[in-house]
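These notes concern the structure reproduced below.
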Amino acid sequence: MTEKKTIMDYDTVALDDEKNALVIIDQTKLPYSTEILELTDLKKIWDAIYLLQVRGAPAIGVAAAIGIYLEARKIGAEESEFEAFYEKFTRAKEYLDSARPTAVNLSWALNRMEQVVLTNKARRVAEIVKCLHDEAVEIRNEDIRVCRAMGEHGLTLIKDGDGILTHCNAGKLAAVKYGTATAPLYVGQEKGYSFKVFADETRPLLQGARLTAYELQESGLDVTLICDNMSNMVMGNGWVNAIFVGCDRVAANGDVANKIGTSMVSIAAKRHGIPFYVCAPTATIDMCTPTGREIRIEQRKPEEVTEMWYERRMAPAGVKVYNPAFDVTDNDLITGIVTEFGIARPPYRDSLKEIFALKDKAKQNK
Ligand code: MRU
């Protein structure tokens, strides 16, 4: 008998070279149905990022890298002169970059792709397009290695049987494999550890309920779903040994933007003396943004709060709604930032620089 395919067997985000398409799981349909989208059109890729069909900082970065490659392929078929190619490439890049403002992985991946164009400027356009293909594939493969490394580092912070609380979805569905906040759990599971995970539902878009609870359950991890307003009580009950969250942008001083509600979890964690860890690949660390105050926070439509996920609108018509998608957790509430090069500890202004020094060293040794 063949085993049933689970959500863990699908690629969150991939490139189909035969169809020249970005392939994603439509995350707005989970957990009810697993619908695979094959996107070839730049506008559709922009929509997929904006509508959260593909979401989570690392997955957005990978999708953007594949998306800009696919567009460059089309541009390359029309323009053989570098200047004309580059002008259209830049326009497409800026367009994709406008889909969501907070997750820095989007511009990080697009800038990296642009760098490939500029470095290979002297070559024929067709060759540049081939280099873009290889870079997009590398960005995707790198995400797997990076998340796995974060998992190894994160696992040193917990032990078998621990209670772990997480917020939003920083899991496999937010990346390619392993996820960021879930990486220590999946790596631990590979080594035979078990954990008791509490997943915050994460209002208003319910990424914790629809995605984290789903993928952890499908993976065979012990997961309990709680409403956002229950996490303080769960911590008070003594059920949580550590908190792991993902992030969308880390500022140079260690302030962290992540899904709305993360800062409240960090405040409660401090009150209960529970370590609060942020898992952040270096692609999510933005040393050009000095503090959390300078991070642009995405504001989203009121309907996400008043209507989505309900059979009927549940709030009074015309009521004012404030719907920021992210908030900033101040660095003094963060016990450690887990990266692929190790764990940064306060003061983050110094430790994050040390992490990047390790990254440079690793690049030189390649
Ligand atoms: O709006 P979303 O669903 O893209 O927000 C996702 C988050 O806030 C995640 O915690 C973050 O991107 C880290 S994903 C590994």
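Just so it is clear, the values below take in all heavy atoms, side chains as well, and ignore hydrogens, waters and symmetry mates. All ligand and atom numbering here is 1-based and tracks the order in the structure.
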For Thr180, the ligand 1 atoms whose distance to one of its heavy atoms is below 4.0 Å: 15 (C)
Check ion pair Arg249-Asp286 (N to O, under 4.0 angstrom): yes
For Asp248, atoms of ligand 1 separated by under 4.0 Å from a heavy atom: 7 (C), 8 (O), 9 (C), 11 (C), 12 (O)
Contacting atoms of ligand 1, where contact means under 4.0 angstrom from a heavy atom of Ala57: 12 (O), 14 (S)
Atom indices of ligand 1 within 4.0 angstrom of Pro58 heavy atoms, with elements: 14 (S), 15 (C)
Sidechain N-carboxylate O distance under 4.0 Å for Lys44, Glu38: no
Steps toward salt bridge (charged side-chain N to carboxylate O under 4.0 Å, His left out) verdict (Glu354, Lys361): CA-CA 10 Å; Glu354 283 160 23; Lys361 206 163 154 200; over 6 Å; no
Closest protein heavy atom (residue, atom, distance) for atom 3 (O) of ligand 1: Arg55 NE, 2.6 Å
Arg210 to Tyr32, cation-pi by 6.0 Å centre distance and 45° axis angle: no
Stacked cation flag Lys5 on Tyr10, 6.0 angstrom / 45 deg: yes
Interfacing atoms of ligand 1 (cut-off 4.0 Å, heavy-atom, Asn258): 7 (C), 8 (O), 9 (C), 10 (O), 11 (C)
4.0 Å heavy-atom contact, Asn169 with ligand 1: yes
Options Gly56, Cys247, Ala174, ranked by nearest heavy atom to atom 13 (C) of ligand 1, top entry: Cys247
Ligand-residue contact atoms, ligand 1 with Lys259, heavy atoms, under 4.0 Å: 1 (O), 2 (P), 5 (O), 8 (O)
Distance-only polar pair, side chains of Glu215 and Asn169, donor-acceptor under 3.5 Å: yes
Subset of ligand 1 atoms that lie under 4.0 Å from at least one heavy atom of Phe326: 1 (O), 5 (O), 8 (O)
Within 45° cone of Phe326 ring axis and under 6.0 Å: Lys259 NZ or CZ: yes
Sub-4.0 Å atoms of ligand 1 with respect to non-hydrogen atoms of Ala170: 14 (S), 15 (C)
Interatomic spacing from CG in Asn232 to CE in Met264 - rounded to 0.5 Å: 10.0 Å
Nearest-option assignment for atom 4 (O) of ligand 1, heavy atoms, candidates Met150, Lys172, Arg100, His167: Arg100
